[in-house]
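The next block holds one structure in the form of structure tokens; read it before the comments.
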Amino acid sequence: MSGRARAVAHPNFALAKYWGKADVAHNVPAVPSLSVTLDAMSTTTSVSFEPGLDADEVTFRGAPAADAFAARVTRLLDRVRAEAGLGLFARVETANDFPTAAGLASSASGFAALALAATAAAGLEVDAAGVSDLARRSSASAARSVFGGYAVLPAGAPGTTRLPAEPLFSADHMPLAITIAVTTEAEKSVGSTDGMGHTAATSPYYAAWVDDAPRTFARIRAALAARDFEALAAASEASALTMHACALAARPGLLYWNPTTVRVLDDVRAMRRSGLAAFFTIDAGPHVKILSHPRDADAISARVASLEGVVGVLRAAPGEGARLLDPAATDAP
Ligand code: PMV
């Protein structure tokens, strides 16, 4: 074993949303989800198991990581150490090239990169499904970022222990552009795990969401298989809006949107009325992700950039899954 490895992974955005756990202890989703992995925005993570450390040392962009994040990293490393029979602590360096924790899926790219780098550094012989299953334990959406293109994470049941995501279609399956309207620089207030737990415990619409989600997921998968953009748009917006309706109905309600979020949603509908093929999705944060045909992406990006309250626009296309990098390369981490 080399003891050291470095990996990169990208965020993914769910078209069919995951919201709610069938098994909290094993972090198993109650509903199936389907996502597209991006080619832009990345997390790069290096892991090095070293003698002489008396605890894991986790740095984020060169500074000691926040305690809560470092604890999540250590929980993943503990699983890898147990599997590999390894007694060493690790030095972990990680960095994102995009804003963290505001609904831009930094946990997805982060834990996909960490799972891949940690298993490689420990010398474990695991395939992509094994890496995905490990990433899922830390952040279920991270299971999907292990794969490029379009990926599915099935629903599990109470007591499910192994549940990897599965690749569905490659990145070039259909022409698609992703434009992200960043609507604030502030970090989100309620993380996805807390938000899901609160929704499941208090929203009268939670049971309806869990009942409906597999049907909406099936519509999204069929629309994607048929490359039917209009059907994909309708079903994907339904998934996002139903998830948010369910969270809004929690007691007290979870409102992830700000006024600019609503302005962008409104504008995407105006785009459609004017003949642009575009639809939106929104995660546990206030930013709006707009999916469109690539030929319309310049116009969409210019249009949303001019909306009041939009503080930035990011552009992406479907991209590759998590992969190992040369650990000796000097561009840290
Ligand atoms: O896997 P988590 O805990 O980051 O939760 C992801 C939840 C959503 O982003 C809102 C939906 C999804 O499927 O990615």
Side-chain angles (χ1 to χ4, degrees), residues 9-38 41 43 68-69 72 75-76 96 99-115 132-147 150-156 163-166 168 178 180 187-200 203 206 209-210 213-214 216-217 220-221 235-248 250 254-257 261 280-289 291:
H10 302 282
N12 68 78
F13 295 150
L15 304 177
K17 299 293 181 196
Y18 148 57
W19 195 253
K21 301 180 198 287
D23 189 311
V24 173
H26 296 110
N27 203 37
V28 170
V31 298
S33 56
L34 190 164
S35 60
V36 55
T37 300
L38 309 189
M41 302 158 65
T43 301
F69 176 70
R72 287 178 77 185
R75 279 199 290 280
L76 187 149
N96 294 336
T100 305
L104 285 177
S106 57
S107 71
S109 52
F111 285 102
L114 178 66
S132 175
D133 183 54
L134 176 68
R136 194 256 317 144
R137 295 291 305 268
S138 298
S139 165
S141 58
R144 301 183 311 235
S145 272
V146 170
F147 299 103
Y150 300 84
V152 162
L153 180 61
L163 189 71
E166 297 152 14
L168 182 65
I178 300 139
I180 303 154
E187 291 205 359
K188 69 183 171 189
S189 49
V190 182
S192 53
T193 293
D194 290 345
M196 287 177 203
H198 178 63
T199 305
S203 175
Y206 182 69
W209 156 255
V210 172
T216 304
F217 166 85
I220 291 168
R221 193 173 52 186
S236 300
E237 285 194 0
S239 177
L241 291 174
T242 308
M243 177 199 119
H244 282 273
C246 176
L248 276 166
L254 282 174
L255 175 56
Y256 284 106
W257 305 356
T261 314
F280 60 73
T281 191
I282 331 157
D283 293 296
H287 312 303
V288 183
K289 292 96 185 204
L291 294 98

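Whatever order the structure lists them in is the order used to number ligands and atoms, beginning at 1. Atom set for the values below is all heavy atoms of this structure, side chains included, hydrogens, waters and symmetry mates excluded.
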Going by the atom numbers of ligand 1, which of them fall below 4.0 Å from some non-hydrogen atom of A284? 10 (C)

Checking side-chain contact (heavy atoms from CB on, under 4.5 Å) for the pair S141/S107: CA distance, chi angles, key distance, verdict? CA-CA 8 Å; S141 58; S107 71; 4.3 Å; yes

If we only count N/O pairs under 3.5 Å, is M196 in contact with ligand 1? no

Step by step, work out the side-chain hydrogen bond (donor to acceptor under 3.5 Å, both in side chains) result for T216 and K17. CA-CA 9 Å; T216 304; K17 299 293 181 196; over 6 Å; no

Return yes or no for this condition: an N or O of R144 is under 3.5 Å from an N or O of ligand 1. yes

N or O contact, W19 vs ligand 1, cut-off under 3.5 Å: no

Between atom CG of L153 and atom OG of S132, what is the distance when rounded to the nearest 0.5 Å? 7.0 Å

Does any N/O atom on Y18 come nearer than 3.5 Å to any N/O atom on ligand 1? yes

Looking only at distance, does S192 have an N or O less than 3.5 Å from an N or O of ligand 1? yes

To the nearest 0.5 angstrom, please state how far the CD1 atom of I282 sits from the OG atom of S239. 10.5 Å

Starting from atom 9 (O) of ligand 1, find the nearest protein heavy-atom neighbour and note its residue, name and distance. D283 OD1, 3.4 Å

For the side chain of R144 and the backbone of A165, is there at least one donor-acceptor N/O pair under 3.5 Å apart? no

Under a 3.5 Å distance rule, please check whether N12 uses its side chain to pair with a backbone N or O of V36 as donor and acceptor. no

Can you say whether the rings of H244 and W257 are parallel (under 30°), tilted (30 to 60°) or perpendicular (over 60°)? tilted

Numbered atoms and elements of ligand 1 in range of A140, under 4.0 angstrom, heavy atoms: 1 (O)

Roughly how far, to the nearest 0.5 Å, is the CE atom of M243 from the CE atom of M196? 7.5 Å

What are the atoms of ligand 1, with element, lying closer than 4.0 Å to any heavy atom of S107? 4 (O)

Proximity of S141 to ligand 1 by residue part, where a heavy atom lies under 4.0 Å: both

Within 4.0 Å of some non-hydrogen atom of M243, the atoms of ligand 1 are 10 (C)

Is the shortest distance from a heavy atom of S139 to ligand 1 less than 4.0 Å? yes

Say you draw a straight line from CZ of F13 to CG of L38; how long is it, rounded to the nearest 0.5 Å? 4.5 Å

Show which atoms of ligand 1 fall inside a sub-4.0 Å distance from at least one heavy-atom site of A14. 12 (C), 13 (O), 14 (O)

